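Here is the structure we will look at.
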Amino acid sequence: MNNLIEKIKEKCSNKIVDIQICKNNIILLIKPEDIVMACRILHDDEDLAYDYISCISGVDYLGKEPRFMMVYHIYSMKNKNRLTINVNVPENYSVPSVSSIWTGANWFEREIFDMYGIKFSGHPDLKRILMPDDWKGYPLRKDYPLEGYIPAKWTKQDRPW
Amino acid sequence: MVNTEIKKETMILNMGPQHPSTHGVLRLVLELDGETVINATPVIGYLHTGMEKTVESERYIQAITIVDRMDYLSCFFNELGYILAVEDLLNIEVPERVKFMRVILCELQRIASHLVWLGTHALELGAMSVMLYTFRERELILELFEMCSGYRMNSSYMRVGGFYLDFPKGFIDRVKDFIDIFPSKINEYETLLTKNVIWKERTVGLGILSAEDAINFGVSGPTLRASGVKWDIRMAHPYSGYEFFEFEVPVGKHGDVYDRYLVRMEEMRQSIRIISQAVENLPEGSVSINNPDIILPSKKDAQIGMEEMIHHFKIVSDGFSVPQGSTYIAVESPRGELGFYLVSDGGNKPYRLKVRTPSFANLQALPLMLKGIMISDVVAVIASTDIVLGDVDR
């Protein structure tokens, strides 16, 4: 555990803002502009070898500054350990895409764009994935109402049959 | 002068979302050259119901019934993953009996899920009889679920901190009966398919996914293991007492449709091994932790005692609070890594629950597997990745 932290510090010390340990999990805090460089090092380095992307999540901390947080859960198949990277993202900021490092990040980033409206620079195909293409608004934002902006109607006229 | 140059045109074919062989409402936009697939683009979202948003407005207890319905073929895994995440934030260690009970249910569910996969997979390739056999045995498992929870599917049986009720009388005996008969049934399916010439013609060497590609795309579960990567979360990071059990992780060599079939067949045998160990060594004791802040009082007490009734009312109406923090818990579902990223702001509702579903990640690699194959083999490759669209779209 401590060896691993030392190793991560050694390899990309100038990219890391903060390292925390929480219940055997290492959590790094990285600035959004450094994310691709840092991930490239973590992925390519032979000792660390974080070659598998588990998950990328977005969180909306409405009322806090910066508003959004992106959480990358990456995994090393070789060392069998997990690493969490937190990135604070201000509103209207384009985060560099990590899909050039892990191809699997492509859809996760599209989902975050779809749900939070966070844009990714350098993403090959940034468009909505779960919601319809013409949808207005970003549903998982905290200021988006649970029922949506337009209340659903079920009247006789709506029936297609 | 006549233009003798051969003009090469591709055709765009839309497959789904209403298609019987796309396992739900998957839409594939196929680019075809004659009968060969040049490119495939999955279009998803037809079953999107905003469960992650709904969970944010429900209390922790209520959210169990919602996560249940994401992957409707393996609901116990969704429950378990979510509950382990909540328990991790609450710092709860459940009794050993609870862990064993959870393992028994999950492994039964894994078999049931693989049986649906096997039946539909064979059905799509024209072997109709297999489905009749697999659904016969799946029914036995669903009856077991009905016996303990009252529901055949989406049972919401697990609770934070344990179970609401113990297994009913006679349940373990019926599980033992199932363990006795099931291995012979797997052999029965195998006699129908494993050495079947038509089956092998249709599956061997088809839809190959290399180990590097699989890891790069974030593929997990049997699809990853068929490509030769021996990675199973139950083995690599044991949760809920999997460290007590002996089992093997089957891996394939070529990463084709046939190898995925073999891996899943072997997984069912290993699940039986785990269940029989769990049933033999099932510890006695309480089925929930002793913490009145989280656990409901028994129904009998709540109907007689005043304090118990107030307590019952308080938990049902107000729920319980979870300390501030965030956690990521991954479990090995029949489809792969099912991860729950839970953020709590200290209240009685989840601030954010992100579900990393295995089908979503596995589906990304589908265009790679489909490239260059014949159009008639597309359904075989889709079936071999074993996606559930409820799991993809959530």
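Just so it is clear, the structure is predicted and the values come from calculations on it, not from any experiment. First the proteins, then the strands, lettered A, B, ... as listed; each starts at 1.
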- Message: Checking A:Thr103 against B:Gln364 for the side chain to side chain contact (heavy atoms under 4.5 Å, CB included) test, could you report, in this order, the C-alpha distance in whole Å, the side-chain angles of both residues, the deciding distance, and whether it holds?
- Response: CA-CA 9 Å; A:Thr103 320; B:Gln364 273 191 88; 5.9 Å; no
- Task: Kindly indicate, with the supporting measurements, whether the criterion side chain to side chain contact (heavy atoms under 4.5 Å, CB included) is fulfilled by A:Met115 and B:Lys354.
- Result: CA-CA 11 Å; A:Met115 295 296 159; B:Lys354 156 82 189 178; over 6 Å; no
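Using a distance-only test at 3.5 Å, with no hydrogens or angles considered, a donor-acceptor pair links the side chain of B:Lys53 to the main chain of A:Arg141. Between the side chain of A:Lys80 and the main chain of B:His237, no donor-acceptor pair closer than 3.5 Å is present.
Residue B:Lys230 places its NZ atom among 12 or fewer non-hydrogen atoms of other residues, nucleotides or ligands, all under 6.0 Å distant.
Residues of residues 25-50 of chain A never come within less than 4.5 angstrom of chain B, heavy atom to heavy atom. Residues of residues 52-79 of chain A that come closer than 4.5 Å to chain B, counting heavy atoms only, are A:Tyr52, A:Ile53, A:Ser54, A:Cys55, A:Ile56, A:Ser57, A:Gly58, A:Val59, A:Asp60, A:Tyr61, A:Leu62, A:Val71, A:His73, A:Tyr75, A:Met77, ordered by residue number.
For B:Ser220, the parts sitting under 4.5 Å from any heavy atom of chain A are the backbone and the side chain alike. Using a 4.5 Å cut-off between heavy atoms, B:Val43 makes no contact with chain A at all. Residue B:Glu56 touches chain A through its side chain alone, counting heavy-atom pairs closer than 4.5 Å.
Between A:Ile129 atom CD1 and B:His48 atom NE2 the span is 11.0 Å, to the nearest 0.5 Å. Note that CD1 of B:Ile44 and CG of A:Leu130 are 5.0 Å apart. Values are rounded to the nearest 0.5 Å.
The candidate from B:Thr54, B:Thr327, B:Asp345, B:Val219 with the greatest count of non-hydrogen atom pairs under 4.5 Å with chain A is B:Val219.
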